[in-house]
Trainee: 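Pasting in a structure now, in structure tokens, and then I'll have a few things to ask.
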Amino acid sequence: LPVANTTNPMDVVIAGLEIQEWMKVQNKWQLRLGIHTGSVIAGVVGDKKFAYDIWGNTVNTASRMESSGEAGKVNISGSTYKNLSGFENPKGLQFIFRGKIPAKNKGEIEMYFVEKKI
């Protein structure tokens, strides 16, 4: 859980693309990767075995981004996309609008696939 800063949305999107790149090189399996950024509640749970965890609407929406994505791709929410506006795009990222996609218990959410331009 990082210290809040203005680059977190771009940092996590770039990390997601790097994870997908690494998975392609490994050539063992594919994964869906979903990103939604926002506030969370964090803490340690357990009385014998401790675990650090996060909760909240942001976590639930990120889960919907993952389940609504496609294998080998990075799927982000419309609000994360808006958080990225104003950033320089040194990595040559391309955002492909998918429209409003139904998400379980969330209604329709604007979603985008993120890719690196070649």
Side-chain angles (χ1 to χ4, degrees):
L1 192 64
V3 174
N5 67 53
T6 58
T7 65
N8 284 344
M10 183 61 80
D11 295 343
V12 75
V13 167
I14 290 171
L17 288 167
E18 289 174 357
I19 290 167
Q20 290 293 25
E21 244 178 69
W22 187 84
M23 293 300 292
K24 286 176 188 167
V25 169
Q26 296 304 306
N27 200 26
K28 295 190 188 232
W29 66 86
Q30 292 187 324
L31 61 91
R32 293 182 308 229
L33 204 146
I35 297 172
H36 177 70
T37 51
S39 299
V40 296
I41 299 167
V44 177
V45 294
D47 55 356
K48 292 190 179 16
K49 183 177 179 185
F50 301 108
Y52 184 79
D53 203 356
I54 60 174
W55 306 270
N57 187 50
T58 298
V59 175
N60 295 335
T61 304
S63 175
R64 300 308 181 261
M65 293 303 101
E66 179 273 325
S67 62
S68 299
E70 294 179 11
K73 297 197 177 218
V74 175
N75 187 42
I76 67 171
S77 65
S79 63
T80 295
Y81 173 77
K82 287 179 184 110
N83 287 335
L84 295 171
S85 66
F87 279 98
E88 281 187 44
N89 193 350
K91 301 285 185 177
L93 304 182
Q94 181 176 3
F95 301 92
I96 302 156
F97 182 60
R98 301 182 60 205
K100 290 188 175 189
I101 311 290
K104 181 180 174 186
N105 297 326
K106 297 283 181 187
E108 292 185 333
I109 301 175
E110 285 187 0
M111 297 185 197
Y112 295 78
F113 281 137
V114 184
E115 298 176 351
K116 276 189 178 179
K117 291 181 187 174
I118 296 175

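Atoms considered below: every heavy atom in the structure, side chains included; atoms not considered: hydrogens, waters and symmetry mates. None of these values were measured; they are calculated from a predicted model. In this chain, residues are counted from 1 in sequence order.
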Trainee: Is there a continuous path of hydrophobic side-chain contacts, each under 4.5 Å between heavy atoms, that joins Tyr112 to Ile19?
Mentor: yes

Trainee: So which heavy atom on Leu84 is nearest to which on Pro9, and how close?
Mentor: CD2-C, 3.6 Å

Trainee: Is it true that Phe113 and Val13 fall in one hydrophobic cluster, defined by side-chain heavy atoms closer than 4.5 Å?
Mentor: no

Trainee: How long is the span from the OG1 atom in Thr37 to the CG atom in Asn8, to the nearest 0.5 Å?
Mentor: 8.5 Å

Trainee: Return the minimal non-hydrogen interatomic distance between His36 and Ser77, and the atom names on each side.
Mentor: ND1-OG, 2.7 Å

Trainee: Test side chain to side chain contact (heavy atoms under 4.5 Å, CB included) on Val74 and Lys116 and set out the steps.
Mentor: CA-CA 11 Å; Val74 175; Lys116 276 189 178 179; over 6 Å; no

Trainee: Mind listing the closest non-hydrogen atom pair of Ala42 and Tyr52 along with its distance?
Mentor: CB-OH, 3.2 Å

Trainee: Determine whether more than 12 heavy atoms belonging to other residues, nucleotides or ligands lie under 6.0 Å from atom CD1 of Ile96.
Mentor: yes

Trainee: Would you say Leu17 and Val25 are hydrophobically clustered, going by side-chain heavy atoms of ILVMFWY under 4.5 Å?
Mentor: no

Trainee: Pick from Ile35, Val12, Val114: which one makes a side chain to side chain contact (heavy atoms under 4.5 Å, CB included) with Thr80?
Mentor: Ile35

Trainee: Got a second to check how far Glu115's CD is from Gln94's CD, nearest 0.5 Å?
Mentor: 6.0 Å

Trainee: Search all heavy atoms of Gly69 against all heavy atoms of Arg98 and return the closest pair with its distance.
Mentor: CA-NH1, 4.2 Å

Trainee: What closest approach, in Å, do Gln30 and Ala71 show between heavy atoms, and which atom pair accounts for it?
Mentor: OE1-CB, 3.4 Å

Trainee: Yes or no on side chain to side chain contact (heavy atoms under 4.5 Å, CB included) for Asn75 and Met65, after CA distance, side-chain angles and deciding distance?
Mentor: CA-CA 6 Å; Asn75 187 42; Met65 293 303 101; 4.1 Å; yes

Trainee: If you round to the nearest 0.5 Å, how far is NZ of Lys73 from CG of Leu33?
Mentor: 13.0 Å

Trainee: Is there a donor in the side chain of Asn60 and an acceptor in the side chain of Lys104, or the other way round, less than 3.5 Å apart?
Mentor: no

Trainee: May I ask whether Ile76 and Ile101 are part of the same hydrophobic cluster, defined by side-chain heavy atoms of I, L, V, M, F, W, Y residues being less than 4.5 angstrom apart, directly or through others?
Mentor: no

Trainee: Is Trp22 reachable from Leu31 through a run of hydrophobic residues whose side-chain heavy atoms are each under 4.5 Å from the next?
Mentor: yes

Trainee: With distance as the sole test, does Ser85 use its side chain to make a donor-acceptor pair with the main-chain N or O of Lys82 at under 3.5 Å?
Mentor: yes

Trainee: What is the minimum heavy-atom distance between Pro102 and Ser68, and which atoms define it?
Mentor: O-OG, 4.2 Å

